[in-house]
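Below is one structure; the comments refer to it alone.
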Amino acid sequence: MSRSTGAQAPFRGLVAAAFLCGTLVGGVAAFAQSDDLAALKEKFRRPAAIPFPASNPYSEAKRALGEALFYDKRLSADATVACATCHVRAKGFSDGRVTAIGVLGRPLARHAPTIWNLAWAGPVFWDGRARSLEEQVAGPIVAPDEMAQPMAPLIARLAADKAYVRAFAKAFPDNGRVTEDNLKKAVATYERTLVSPVTRFDRWVAGDAQVLSPQEVDGFRLFTGKAGCANCHSGWAFTDYAFYDIGLPSEDRGRGAVLRLEAAEHAFKTPSLREAARRAPYMHDGSLATLHDVVRHYAGGVTERPTLPRDLTRGLTLNGGEQAALVAFLESLTSDEDPQPPATIIAETSAPVAATHATSVSQHDKMFTPTRVRIRLSDKLWVLNNDTRTHNIRVFDPKLDFDSGAQEPGETVEMTFPKTGSYLVFCGIHPKMELTVDVAR
């Protein structure tokens with residue numbers, strides 16, 4: 001890798017108008033403030049549809065089968081634990097425990113993560129060790145300390161159940177056998193439909209100016225401003241699905257152990273904040289009991305380590321009123337009634353992005369630009385980190401296993417590709433960053 005200089009940061013200008021009598025200055029400031037708030041709100045607007053991969057498109061029959069499997073305790077070795085045991089809707093699709101409990105009452109090492117809004121996620125689990133929801137499904141089932149159920153006897157058991165045989169045939173009309181692959185696809189389909197419900201915050205974003213209190217609005221401004229929470233808890237689901245060390249004293253290596261990358265030590269996935277008030281305790285280890293504890297952690301409780309990310313606001317101080325405002329805002333992201341997934345599923349399958357002929361790609365604001373390139377087999381591809389963050393370029397492909405290591409701001413990674421074909425390049429720390437490289441002769 002080579003280090004370059006001259007990385008540019010976005011320029012933000014400020015235009016001020018003055019009037020001879022001064023009577024309009026306050027009005028101009030108020031208008032600017034209102035316009036700024038409108039732009040912030042727009043970043044958190046709910047999407048109209050749920051994304052499904054082309055390899056596992058949505059169908060109601062598949063969703064219904066996945067739901068049945070999700071609640072079936074026969075997926076565990078002793079028939080005492082289902083997926084729903086650790087992911088309870090009334091508890092924010094967590095379980096209310098410090099750490100989850102597996103078969104025979106065995107405590108697990110980590111807190112049960114919420115599974116709201118995973119349709120937009122990339123890698124899943126706290127450490128991102130599964131690249132997709134489909135891959136994730138088998139993990140807890142076969143893990144000895146979770147459900148402890150080997151896959152082969154489970155598939156045989158389900159195949160002997162006439163109701164499941166009919167359900168699999170209906171869900172997969174082209175290949176309706178009871179198989180491990182179809183089981184994974186069914187459960188993943190159900191999980192993608194678990195989209196958190198509309199809350200008062202959503203109604204406020206949609207235009208109901210009175211539905212949030214002044215304290216909650218102040219909390220939103222702190223969240224997106226001084227406190228820096230939105231650096232990672234971004235977008236309508238309030239997560240970038242990336243991995244960060246947030247300074248908890250835990251010795252758990254998290255993403256660092258998965259990537260074998262020092263820059264990712266103690267890093268864990270940013271959870272969605274939707275329905276957060278229902279799912280105490282918090283963090284990957286369940287070490288913080290309340291939302292007030294979470295806010296206090298960021299305002300003075302962070303353990304200093306070299307792996308703390310640049311997105312984490314350092315030296316944050318919040319007075320009692322500011323902390324209360326932040327908690328009030330976070331509570332506005334939780335529905336007032338029993339939280340239900342959408343009754344009607346509006347599904348979409350992402351269309352492929354057109355490729356651009358280019359031999360250089362930039363990284364900025366946790367994105368590749370462009371996101372799809374076309375190169376010749378003899379070309380080299382240069383990827384420049386114009387971001388303020390450390391990245392880690394990865395390729396997991398039968399044709400190429402590539403790991404850039406820690407790519408710091410200003411550094412350029414050079415890549416060559418051994419064969420023609422399409423390659424998925426992503427950042428191991430911010431896996432929603434994806435680049436498709438089409439290689440031809």
Side-chain angles (χ1 to χ4, degrees), residues 81-102 105-118 121 124-127 140 146 191 194-202 212-213 215-216 219-220 222-223 227 229-230 232-233 237-239 241 244-250 252 254 266 268-303 312 316 318 320 322-341:
V81 177
C83 303
T85 302
C86 295
H87 301 288
V88 182
R89 180 167 46 80
K91 297 180 180 181
F93 274 119
S94 185
D95 65 358
R97 301 175 183 271
V98 173
T99 60
I101 300 293
R106 296 171 184 157
L108 306 184
R110 293 173 181 164
H111 179 63
T114 182
I115 57 172
W116 282 121
N117 308 317
L118 289 185
V124 285
F125 293 122
W126 279 112
D127 56 13
E146 295 191 50
E191 290 177 337
L194 301 178
V195 179
S196 59
V198 171
T199 69
R200 289 186 300 111
F201 173 77
D202 297 300
L212 290 193
S213 69
Q215 183 189 43
E216 290 167 333
F220 175 70
L222 284 165
F223 186 92
C229 311
C232 305
H233 292 284
F238 289 86
T239 172
Y241 299 102
Y244 302 100
D245 176 4
I246 58 169
L248 288 169
S250 167
D252 192 330
H266 310 293
F268 294 88
K269 187 175 70 175
T270 306
S272 172
L273 296 180
R274 293 285 182 166
E275 300 296 316
R278 296 184 187 276
R279 62 171 196 264
Y282 302 95
M283 307 307 188
H284 74 275
D285 55 359
S287 60
L288 301 181
T290 69
L291 288 173
H292 288 276
D293 292 335
V294 172
V295 171
R296 284 192 287 268
H297 165 74
Y298 288 108
V302 173
T303 298
L312 185 65
L316 177 63
L318 297 170
E322 290 172 322
Q323 291 186 31
L326 266 175
V327 171
F329 164 67
L330 292 173
E331 290 174 341
S332 79
L333 303 179
T334 298
S335 53
D336 296 328
E337 314 236 338
D338 181 23
Q340 297 283 346

Test side chain to side chain contact (heavy atoms under 4.5 Å, CB included) on Asp336 and Arg200 and set out the steps.
CA-CA 8 Å; Asp336 296 328; Arg200 289 186 300 111; 3.9 Å; yes
Report yes if the side chains of Ile246 and Phe268 come closer than 4.5 Å at any heavy-atom pair, otherwise no.
no
On a heavy-atom basis, the closest approach of Asp338 and Arg89 is OD1-NH1, 2.8 Å
Do Thr303 and His266 have side-chain heavy atoms sitting under 4.5 Å apart?
no
Do Arg274 and Thr239 have side chains that get closer than 4.5 Å, going by heavy atoms?
no
Write down the atom of Ala325, the atom of Leu222, and the distance for their closest heavy-atom approach.
CB-CD1, 4.2 Å
Interatomic spacing from CH2 in Trp126 to CE in Met283 - rounded to 0.5 Å
8.0 Å
Check the pair His297, Leu248 against side chain to side chain contact (heavy atoms under 4.5 Å, CB included), reporting the backbone distance first and the verdict last.
CA-CA 8 Å; His297 165 74; Leu248 288 169; 3.7 Å; yes
Report the C-alpha distance between Arg106 and Ile101 in whole Å, list the side-chain angles of each, state the deciding distance to 0.1 Å, and finish with yes or no for side chain to side chain contact (heavy atoms under 4.5 Å, CB included).
CA-CA 5 Å; Arg106 296 171 184 157; Ile101 300 293; 5.9 Å; no
How are the rings of Phe238 and Phe223 set relative to one another: parallel (under 30°), tilted (30 to 60°) or perpendicular (over 60°)?
perpendicular
Exam field: side chain Tyr282 to backbone Asp293, donor-acceptor pair closer than 3.5 Å:
no
Calculate, to the nearest 0.5 Å, the distance between atoms CG and CG belonging to Asp95 and Leu108 respectively.
9.0 Å
Smallest heavy-atom separation, Leu326 atom then Cys229 atom, equals CD2-SG, 4.3 Å
Do the side chains of Thr270 and Tyr244 get nearer than 4.5 Å, heavy atoms only?
yes
Would you call Arg296 and Leu288 a side-chain contact if the rule is heavy atoms closer than 4.5 Å?
no
Checking the side chain of Thr99 only, and the main-chain atoms of Pro107 only, is there a donor and an acceptor separated by less than 3.5 Å?
no
Can you measure from SG (Cys232) to NZ (Lys269) and round to the nearest 0.5 angstrom?
14.0 Å
Of His87, His111, Arg278, the residue whose pairing with Ser94 passes side chain to side chain contact (heavy atoms under 4.5 Å, CB included):
His111
Indicate the atoms forming the closest heavy-atom contact of Ala84 with Val88, along with that distance.
O-CG2, 3.5 Å
Testing Thr199, Asn117, Leu333, Thr114 for side chain to side chain contact (heavy atoms under 4.5 Å, CB included) with Glu275, which one passes?
Thr199
Can you see which heavy atom on Ile115 is nearest to which on Leu194, and at what distance?
CD1-CD1, 3.7 Å
Do the non-hydrogen side-chain atoms of Glu216 and Glu331 ever get within less than 4.5 Å of each other?
no
Closest approach of Ala112 and Ala100, non-hydrogen atoms and distance?
CB-CB, 4.1 Å
Do Pro339 and Trp116 have side chains that get closer than 4.5 Å, going by heavy atoms?
yes
Before giving the answer on side-chain hydrogen bond (donor to acceptor under 3.5 Å, both in side chains), spell out for Asp285 and Ser287 the whole-Å C-alpha distance, their side-chain angles and the decisive distance to 0.1 Å.
CA-CA 5 Å; Asp285 55 359; Ser287 60; 2.8 Å; yes
Using only atom types and a distance under 3.5 Å, with no angle test, would you say the side chain of His292 pairs donor to acceptor with the backbone of Ala324?
no
Is there side-chain contact between Gln340 and Pro197, with heavy atoms separated by less than 4.5 Å?
no
